[in-house]
S.K.: 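I have a structure I would like to understand better, so I am pasting it below and will then ask my questions one at a time.
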Amino acid sequence: MRGEPAHSPSPSSSGGWLSQLSLRFKVTVLLLGISLTPLLTAGFVNINRATERGKAAERTRFAQVAQHTAAAYNALLNRTQRSVQRLARRFPVESVDFDAISGELDRGEGPRASLRGWRDAAFLADTDDDLSMLFLTLSDGRVFYTIPYRKFLTPPSVGQLPRFARLARDGGLASATVPVLTGSKRPVLIAIAPLIRRDGTTAGHLAAIVEAQRLHDIIDDVLRRHSPEGIDRSVMLTDPEFNLVVHDRLHTDPDPVLPRLRRLKGPLVGEVAVEGKRVLAARAEVGSTHWYVTVVAPVNQVYRYVHALIWVLVIVTVLTFIFVFLLADYVATVLLRPIEELQRGAEMIG
């Protein structure tokens with residue numbers, strides 16, 4: 001029995017799918033691989049490098065806003081403390097009967113409307129635009145005299161401040177909420193200086209409330225000079241206990257990132273996740289007071305120029321790929337033209 005005729009092998013079984021591709025396509029792919037491999041590698045490296053450097057530059061600029069604000073607050077707080085200390089040194093401590101004043105407050109007589117022996121108090125208070133109020137306290141922190149005058153039945157006290165014991169001895173800065181004096185439940189910044197008798201004991205304290213508008217003017221001035229437009233920044237000043245003292249948005253709640261930053265110590269610049277959103281936070285210390293300025297803004301707004309640069313690099317890379325593909329196709333055509341002519345000649349001879 002004759003065997004059945006052998007079938008000729010199909011192109012797919014003998015040469016595989018590569019044999020079905022044209023020589024021009026193969027040469028084009030080869031040229032693309034040779035030219036695009038280093039090009040794409042360099043492109044990705046440049047994009048990553050530009051992204052890292054761009055973000056680092058934006059973080060530096062962002063941190064400078066906090067640093068400039070902290071420097072401005074440091075100048076204001078130092079100036080305020082010097083003013084209060086100068087007033088405390090000029091105060092006639094020996095001519096004021098603090099024991100009698102304590103008895104008056106115990107009997108519910110309220111604050112004194114005038115204070116003999118300190119006739120230049122109102123004049124001194126008016127000469128300092130950084131201060132909105134001066135007041136005197138007993139050694140326990142109870143207020144008995146204010147400039148301008150405030151009438152109250154129950155004397156407010158600053159003796160409940162966390163660091164009052166140290167402030168009572170050395171003086172310094174504190175934040176407190178004293179609506180009886182200010183008429184507002186918002187915290188205020190207070191500078192305190194002790195009133196020392198000749199025997200070295202502390203008779204009471206002279207304190208001043210820093211003008212709230214001055215605190216907000218500093219934020220507005222720094223943001224106007226050092227912050228580009230289009231970024232929704234939030235600026236906060238906090239005391240050593242991380243209580244909010246100043247917030248640039250007077251009629252809104254503080255930024256929700258504030259409670260998360262309580263766990264972080266010292267200056268910082270970094271991204272923080274808040275309620276599913278990433279924000280960039282920068283914090284700078286006000287001198288060596290352990291008061292901090294914190295600046296917060298959405299990451300996508302801070303890095304907007306970096307993201308635009310990334311898109312530009314991606315578009316340039318895509319256009320380069322298209323150009324190289326067209327060039328490779330043209331070179332493949334030029335290289336294969338003699339081979340195609342030789343092939344046609346061989347077919348004619350064969």
Side-chain angles (χ1 to χ4, degrees), residues 73 76-77 80-81 83-84 87-88 101-102 104-115 121-122 125-126 128-168 171-195 204-220 234-256 258-259 262 289 291-292 294:
Y73 275 130
L76 173 64
L77 299 185
T80 300
Q81 289 187 88
S83 299
V84 173
L87 292 174
I101 294 174
S102 178
E104 294 173 2
L105 295 180
D106 292 338
R107 293 190 296 271
E109 297 182 10
R112 290 198 172 190
S114 63
L115 198 64
D126 292 338
D128 197 331
D129 295 333
D130 296 332
L131 307 180
S132 63
M133 173 179 287
L134 289 176
F135 60 92
L136 296 172
T137 75
L138 299 175
S139 58
D140 58 4
R142 288 183 296 169
V143 179
F144 67 88
Y145 180 71
T146 65
I147 303 175
Y149 175 72
R150 290 287 189 275
K151 177 65 176 179
F152 44 80
L153 299 178
T154 303
S157 176
V158 294
Q160 305 299 325
L161 296 177
R163 299 192 302 158
F164 180 75
R166 189 186 67 78
L167 296 175
L173 300 168
S175 65
T177 303
V178 282
V180 176
L181 297 181
T182 62
S184 172
K185 294 183 179 181
R186 299 185 180 277
V188 293
L189 195 154
I190 302 174
I192 300 175
L195 301 175
H205 310 90
L206 186 148
I209 296 178
V210 179
E211 178 65 48
Q213 190 59 45
R214 290 285 295 113
L215 300 175
H216 290 281
D217 288 343
I218 288 177
I219 294 178
D220 295 338
S234 178
V235 184
M236 296 161 281
L237 175 66
T238 53
D239 63 10
E241 286 73 34
F242 219 81
N243 298 314
L244 183 65
V245 182
V246 183
H247 188 242
D248 62 335
R249 303 172 186 176
L250 291 173
H251 304 293
T252 59
D253 294 331
D255 199 288
L258 184 63
R262 292 178 186 270
T289 60
W291 294 59
Y292 287 95
T294 305

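Model, not experiment: these values are computed from the prediction. Index from 1, following the sequence.
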S.K.: So how far is it from Thr289 OG1 to Asp239 CG, rounded to the nearest 0.5 Å?
M.R.: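 If I round to the nearest 0.5 Å, the distance is 10.0 Å.
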
S.K.: Rounded to the nearest 0.5 Å, how far apart are CH2 of Trp291 and OG1 of Thr238?
M.R.: 8.5 Å

S.K.: To the nearest 0.5 Å, tell me how far Leu131 CG sits from Leu87 CG.
M.R.: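 Nearest 0.5 Å value for the CG-CG distance: 7.5 Å.
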
S.K.: What's the shortest heavy-atom distance between Phe164 and Val158, and which atoms?
M.R.: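 Closest approach of Phe164 to Val158: CD1-O, 3.3 Å.
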
S.K.: If you measure from OG1 on Thr294 to NE2 on His247, what distance do you get to the nearest 0.5 Å?
M.R.: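 Rounded to the nearest 0.5 Å, the OG1-NE2 separation comes out at 10.0 Å.
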
S.K.: List the atom of Leu244, the atom of Pro187, and the distance in Å for their closest heavy-atom pair.
M.R.: O-CG, 3.0 Å

S.K.: Side chains of Val180 and Arg150, heavy atoms from C-beta outward: is any pair under 4.5 Å?
M.R.: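 Val180 vs Arg150: side chains apart.
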
S.K.: Please report the shortest heavy-atom distance between Thr146 and Val143, naming the atom on each side.
M.R.: CG2-CG1, 3.8 Å

S.K.: With a 3.5 Å distance limit and no angle check, can you tell me whether Tyr73 reaches the backbone of Ile219 through a side-chain donor-acceptor pair?
M.R.: no

S.K.: Any idea which heavy atoms bring Asp140 and Ser157 closest together, and the distance?
M.R.: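 Looking at all heavy atoms of both residues, the closest pair is O-OG, 3.8 Å.
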
S.K.: Please report the closest heavy-atom contact between Ala88 and Pro194, naming both atoms and the distance.
M.R.: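 Smallest heavy-atom distance, with atoms named: CB-O, 3.9 Å.
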
S.K.: Out of curiosity, Ile101 CD1 to Leu136 CG, how far, rounded to the nearest 0.5 Å?
M.R.: 8.0 Å

S.K.: Mind listing the closest non-hydrogen atom pair of His205 and Leu138 along with its distance?
M.R.: ND1-O, 3.1 Å

S.K.: Just wondering, do Leu189 and Ser175 contact through their side chains at under 4.5 Å, heavy atoms?
M.R.: no

S.K.: Can you name the one residue among Val188, Thr80, Leu134 that meets side-chain contact (heavy atoms from CB on, under 4.5 Å) with Ile209?
M.R.: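 Looking at Val188, Thr80, Leu134, the match for Ile209 under the side-chain contact (heavy atoms from CB on, under 4.5 Å) is Val188.
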
S.K.: Considering only residues two or more places apart or on different chains, which pairs with a residue in residues 208-219 satisfy salt bridge (Lys or Arg N to Asp or Glu O under 4.0 Å)?
M.R.: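 For residues 208-219: Asp130-Arg214.
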
S.K.: Hey, could you give me the CZ/OH distance between Arg112 and Tyr145, rounded to the nearest 0.5 Å?
M.R.: 10.5 Å

